[in-house]
Amino acid sequence: MLNQKGSKLIETELCIERPRLEEVEETNRFFQQVLTYTFASNALDEMTEDLELEIKTKIKYLKQDLESGGQIKFFLVAKIADKIIGTIEFGPANELITACKDTYLSSLPEIGSVFVDPKYHNHGIASKMLSAIYDILKQRGILAFCLDSGYGNAQKVWLHKFGAPKITLKDHWGEGLDHMIWQVEL
């Protein structure tokens with residue numbers, strides 16, 4: 001854990017930008033690392049097929065971004081000293097959100113892939129990435145988005161930041177493992 005001086009250093013060195021083609025392998029390794037950690041820290045380690053599917057999905061989304069110039073999926077990466085320490089993206093709402101049959105919610109862009117290297121948790125990096133994505137959405141005339149999570153640790157963060165979810169899918173991932181979907185107005 002970094003002290004206050006370390007936090008200030010992170011703030012001055014943090015760079016949030018579009019991913020580059022030459023960073024694809026590093027970003028894919030980052031997805032593998034952070035998702036493996038996320039599954040373990042949320043007591044989901046036994047869900048190995050879901051973990052592999054989640055990693056493949058994030059890799060596919062990044063590829064869609066790079067191939068479409070950000071028109072299908074739009075990623076930002078957070079870096080310190082040219083090392084990727086965070087990701088965030090937005091694009092069309094995922095199948096789980098659209099399956100809820102809420103027409104307005106399904107029409108909103110979904111913010112996803114909000115990941116921060118565990119070594120850099122609690123330093124405001126996710127908030128800075130969200131702020132950067134908000135700016136891009138507003139530039140495009142988009143004033144609302146949706147966001148979902150099945151990870152208990154992330155849900156605590158989103159509950160604090162966005163309040164109660166619009167939809168809760170009770171026991172979606174097993175007993176006591178809900179999936180939450182938020183609708184957020186900018």
Rounded distance [0.5 Å steps], [atom1] in [X] versus [atom2] in [Y]:
{"X": "I72", "Y": "L66", "atom1": "CD1", "atom2": "CG", "value": "11.0 Å"}
{"X": "I125", "Y": "I88", "atom1": "CD1", "atom2": "CD1", "value": "12.5 Å"}
{"X": "Q71", "Y": "D65", "atom1": "CD", "atom2": "CG", "value": "9.5 Å"}
{"X": "T87", "Y": "F31", "atom1": "OG1", "atom2": "CZ", "value": "4.5 Å"}
{"X": "W158", "Y": "N153", "atom1": "CH2", "atom2": "CG", "value": "12.5 Å"}

Can you give me the closest heavy-atom contact between [X] and [Y], atom names plus distance?
{"X": "M129", "Y": "G86", "answer": "SD-C, 3.7 Å"}
{"X": "I85", "Y": "Y120", "answer": "CG2-CE1, 3.5 Å"}
{"X": "F162", "Y": "L130", "answer": "CZ-CD1, 4.5 Å"}
{"X": "I84", "Y": "E26", "answer": "N-OE2, 2.9 Å"}
{"X": "I181", "Y": "H179", "answer": "CG1-CD2, 4.1 Å"}

Hey, could you give me each pair passing salt bridge (charged side-chain N to carboxylate O under 4.0 Å, His left out) that has a residue in residues 71-93? Not counting sequence neighbours.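 Salt bridge (charged side-chain N to carboxylate O under 4.0 Å, His left out) check on residues 71-93 returns E17-K79, E23-K79, K73-E89, K83-D117.
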If a pair satisfies salt bridge (charged side-chain N to carboxylate O under 4.0 Å, His left out) and one of its residues is in residues 170-186, list it, with sequence neighbours excluded.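 Residue pairs passing salt bridge (charged side-chain N to carboxylate O under 4.0 Å, His left out), neighbours aside: K170-D178.
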Is there a side-chain contact between [X] and [Y] in this structure, where contact means two heavy atoms from C-beta onward sitting under 4.5 Å apart?
{"X": "C100", "Y": "L169", "result": "yes"}
{"X": "H123", "Y": "L14", "result": "no"}
{"X": "F145", "Y": "F90", "result": "no"}

Which residues share a ring-ring contact (aromatic ring centres under 6.0 Å, His included) with F115, sequence neighbours left out: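 If we apply the ring-ring contact (aromatic ring centres under 6.0 Å, His included) test to F115, skipping adjacent residues, there are no hits.
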Tell me every residue that passes salt bridge (Lys or Arg N to Asp or Glu O under 4.0 Å) with K63, counting only those two or more places apart in sequence or in another chain.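 Counting only residues at least two positions away or on another chain, K63 forms a salt bridge (Lys or Arg N to Asp or Glu O under 4.0 Å) with E67.
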In chain order, what residues pass the salt bridge (Lys or Arg N to Asp or Glu O under 4.0 Å) check against E22, with sequence neighbours excluded?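 Scan of E22 (salt bridge (Lys or Arg N to Asp or Glu O under 4.0 Å), adjacent residues dropped) gives R20.
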Does one hydrophobic cluster hold both [X] and [Y], with members joined at side-chain heavy-atom distances below 4.5 Å?
{"X": "Y61", "Y": "F74", "result": "no"}
{"X": "L76", "Y": "V184", "result": "yes"}
{"X": "I80", "Y": "V77", "result": "no"}

With sequence neighbours left out, write down each residue that passes side chain to side chain contact (heavy atoms under 4.5 Å, CB included) with [X], or none if nothing qualifies.
{"X": "A99", "value": "none"}
{"X": "T38", "value": "V34, N42, Y151"}
{"X": "S127", "value": "K161"}

Suppose we screen for side chain to side chain donor-acceptor pair (under 3.5 Å). Which residues come up paired with K101, at least two apart in sequence or across chains?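 Checked K101 against side chain to side chain donor-acceptor pair (under 3.5 Å); zero matches.
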Would you check if the side chain of H121 reaches a backbone N or O of V116 as a donor-acceptor pair within less than 3.5 Å?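 Yes.
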Any donor-acceptor pair under 3.5 Å from D148 side chain to L96 backbone: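 Not confirmed, D148 side chain does not pair with L96 backbone.
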Could you pull out every donor-acceptor pair under 3.5 Å between side chains of residues 47-58 and any protein atom, sequence neighbours left out?
from, atom 1, to, atom 2, distance (Å)
T57, OG1, L53, O, 2.8
K58, NZ, S113, OG, 3.3

Are more than 12 heavy atoms from other residues, nucleotides or ligands located less than 6.0 Å from atom CD of E46?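 Above 12, so yes.
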Would you mind writing out the side-chain donor-acceptor pairs for residues 102-112 within the sub-3.5 Å range, not counting sequence neighbours?
from, atom 1, to, atom 2, distance (Å)
D102, OD1, Y104, N, 3.3
D102, OD1, L105, N, 2.9
D102, OD2, K166, NZ, 2.8
S106, OG, D102, O, 3.0
S107, OG, Y104, O, 2.6
E110, OE1, N94, N, 3.0
E110, OE1, N94, ND2, 3.4
E110, OE2, N94, ND2, 3.0

Show me, pair by pair, the donor-acceptor contacts under 3.5 angstrom made by side chains of residues 133-143, not counting sequence neighbours?
none

